[in-house]
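This report concerns only the one structure given below.
First the proteins, then the strands, lettered A, B, ... as listed; each starts at 1. Note that this is a predicted model, so its numbers are computed, not measured.
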There are 2 protein chains.
Amino acid sequence: MTPQDHGPPNTAPRPQRLRDVARAAGVHPATASRALNPATRTQVNADTARRVLQVAKELGYRPNPVALALKTARSHTVGLVIPDLTNPYFPPIVRGIESELEPAGYHAWIVDTHNDPEREHSRVESLRERQVEGLIVATARREHPYLSALHAQGVPMVLVNRRVEDLAVPCVIPDDASGVVQAVRHLAELGHTRIAHIGGPATTSTGAMRTRAFRHAVRDLSLADDPALVTEAAEWSEEAGARAMRQLLDARARFTAVVTGNDLLALGCYDVFAERGIDCPGQVSVVGFNDMPFLARLRPALTTVRVPHHAVGAEAARMLLDGMATPARTARSLLLPVTLVVRESTAPPGRADGTAPLTA
Amino acid sequence: MTPQDHGPPNTAPRPQRLRDVARAAGVHPATASRALNPATRTQVNADTARRVLQVAKELGYRPNPVALALKTARSHTVGLVIPDLTNPYFPPIVRGIESELEPAGYHAWIVDTHNDPEREHSRVESLRERQVEGLIVATARREHPYLSALHAQGVPMVLVNRRVEDLAVPCVIPDDASGVVQAVRHLAELGHTRIAHIGGPATTSTGAMRTRAFRHAVRDLSLADDPALVTEAAEWSEEAGARAMRQLLDARARFTAVVTGNDLLALGCYDVFAERGIDCPGQVSVVGFNDMPFLARLRPALTTVRVPHHAVGAEAARMLLDGMATPARTARSLLLPVTLVVRESTAPPGRADGTAPLTA
DNA sequence: TTGTAAGCGTTATCAA
DNA sequence: TTGATAACGCTTACAA
């Protein structure tokens with residue numbers, strides 16, 4: 001042992017292999033394999049099978065998943081494509097997914113694309129190389145040639161929180177339209193008539209969806225249907241939300257409430273209110289979307305639309321599992337119900353505390 | 001095509017294999033392999049190598065990582081063991097880790113243990129079976145026989161945010177002691193003399209560490225060193241923090257400020273303040289730890305200790321990569337500097353707004 | 001410098 | 001019902 005040689009030696013016990021089990025049980029590896037696999041167990045003598053199982057347990061045998069994947073081209077693994085793991089919206093979805101996947105004997109390979117299409121492409125390729133059997137994709141661009149191609153090739157795939165326009169990829173998404181309607185109706189009931197909208201990027205299906213729903217809702221409720229009141233944020237971030245709100249204000253748009261495409265955008269509005277001394281909800285009411293964690297602790301606590309994160313994930317996983325079992329199936333879209341949770345960021349316009357409604 | 005047969009057929013192009021490249025280049029697969037691998041490229045004629053590389057590129061050849069892993073027992077993959085992905089503290093660390101891993105050609109397999117030791121065990125085993133070459137572990141229990149055993153067996157491993165007591169496992173952790181000292185000194189400078197502490201579970205190294213640091217700090221600054229002022233939360237959660245705060249209050253402990261083991265615990269205190277009509281920071285000042293996202297938006301904005309999440313992850317990854325390259329290396333501990341970020345939850349005791357300091 | 005052949009741990013095909 | 005044997009796609013002694 002030289003002075004440099006400090007690290008622990010590799011003393012990891014070599015894992016037991018199939019052949020070890022076979023030898024110990026006095027059978028051929030092929031027989032052991034058949035005995036161990038529930039699907040082929042009937043091909044082997046019941047006593048022999050029992051013995052093999054027993055020995056395998058004693059030796060603590062676990063099949064080598066790598067060898068298995070090489071041989072069968074199946075890995076018992078699915079890929080999770082997440083646009084941004086630091087967005088608190090996604091981890092609960094991941095939990096939901098895993099809660100369904102694991103009882104089915106599958107594990108999830110999580111990749112974070114950082115919202116970068118190139119990175120997404122390369123990470124998905126690497127997932128494919130690693131023989132994932134299916135993909136759950138949470139990145140929300142509307143067009144995605146690469147993924148579309150994969151799906152067309154028969155790669156089992158389900159989209160969460162996103163829908164591809166003219167393509168029949170199964171997806172599970174929150175009922176965006178209903179959420180927006182609930183938000184707008186809530187504001188209308190409070191007495192608002194001029195409601196603005198800060199939508200997410202129209203390049204994302206969610207952004208497009210919610211904005212469209214907003215337009216319809218406002219029209220259906222006979223509220224001000226003024227194009228000047230709807231803007232689009234460049235991305236799903238606080239900064240983008242702030243920019244959009246500033247733009248709305250600077251354009252001297254008249255509104256007393258704003259419905260945003262998601263909570264982050266709403267937080268951006270908060271920032272602008274602080275900058276400009278605008279009182280929320282005194283002068284402007286705000287409704288977010290998603291119900292991220294910790295929103296109830298904000299100043300003011302944000303009124304928002306709650307989406308059932310866990311259920312979204314769980315349903316997506318179930319759908320994928322289904323799709324992997326019976327690949328020939330028509331694509332379904334699952335819409336999960338959302339609920340408005342009213343907190344402190346919404347109030348009647350120009351309420352009794354003496355602040356005037358915001359006009360420009 | 002039967003009526004049931006709707007799904008897309010599997011038309012995925014078969015990936016190119018080494019033998020395809022070899023054939024197209026007119027060489028034996030072994031030669032192609034050597035040409036493709038930078039480490040063995042010198043063994044092959046420069047022209048031949050060039051040709052092979054060229055052909056490989058044209059065919060879009062990518063080595064099959066599964067076959068590679070089976071053959072070499074290396075997967076170019078490391079396992080990330082995270083206690084709770086929904087805790088916003090961790091995703092930035094994951095980002096930091098990946099930022100170092102990927103340029104080195106490694107990918108991260110993330111597992112979420114849900115803070116469950118059994119689950120941790122089984123997930124780590126599955127990671128091992130999948131031939132991960134190393135482990136980055138962020139679960140914070142102080143004792144962990146299974147992981148300790150793995151490390152002793154020579155499995156490359158680094159701990160983040162955690163240290164194992166008497167075992168020489170390399171780790172990168174925030175400078176907890178310094179953070180606590182900064183917090184206590186800040187409060188002392190504001191005039192507080194009776195400062196309470198709600199520590200994290202003593203079974204976690206971070207919990208034990210920060211509590212110990214608190215005791216020292218309080219003594220060094222000649223503040224009240226009263227055992228009744230230090231409690232331990234049962235877990236790192238808001239509920240546990242709330243319970244601890246209630247207990248402190250119910251025991252009629254006298255204090256005007258509290259330093260908590262992490263931000264979640266501090267949020268629990270906020271809940272109790274709301275319950276009991278206690279004004280923060282008017283009656284009690286609070287300091288958290290970690291600087292989770294969105295803290296600046298709370299009511300009141302939480303004063304806390306910022307830890308350099310990204311750097312923690314990046315350093316850990318670098319350390320692991322080192323350890324994998326040269327396994328024989330003495331364990332190092334890296335302490336990353338933390339900074340106090342003062343916001344609104346701390347103020348002088350019994351400040352000018354007329355509220356009295358909290359006594360019981 | 002290149003080719004041959006064995007083998008990583010499994011499963012699947014074929015015979016016995 | 002079981003065993004022999006050949007893959008899966010790759011690397012690596014060893015031989016040429």
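- Within 4.0 Å of B:Leu68, counting heavy atoms only, lie sugar-phosphate atoms of the nucleic acid but no base atom.
- The phosphate of C:dC8 has OP1 or OP2 within less than 4.0 Å of a side-chain N or O from A:Arg19.
- Distance, B:Arg51 CZ to C:dT2 C1': 12 Å, rounded to whole Å.
- When the C1' atom of D:dG9 is taken as reference, atom CD of A:Glu129 falls 13 Å away, rounded to whole Å.
- Between A:Tyr61 and the phosphate of C:dT10, there is a side-chain N or O to OP1/OP2 separation shorter than 4.0 Å.
- Nearest heavy atom pair, residue B:Thr113 against residue B:Arg119, reads O-CD, 3.3 Å.
- The side chain of B:Arg14 places an N or O atom within less than 4.0 Å of a non-bridging phosphate oxygen (OP1 or OP2) of D:dG9.
- For the pair A:Leu70 CG and C:dT11 P, the interatomic distance rounds to 12 Å; values are reported in whole Å.
- Near DNA chain D, meaning a heavy atom under 4.0 Å from it, residues 20-50 of chain B has B:Ala30, B:Ser33, B:Arg34 in order of number.
- Here the P atom of nucleotide C:dC8 and the CG atom of B:Leu18 are 19 Å apart, to the nearest Å.
- Between B:His76 atom NE2 and D:dT11 atom C1' there is a gap of 12 Å when expressed in whole angstrom units.
- Nucleotide D:dA7 holds its C1' atom 5 Å from the NZ atom of A:Lys71, rounded to whole Å.
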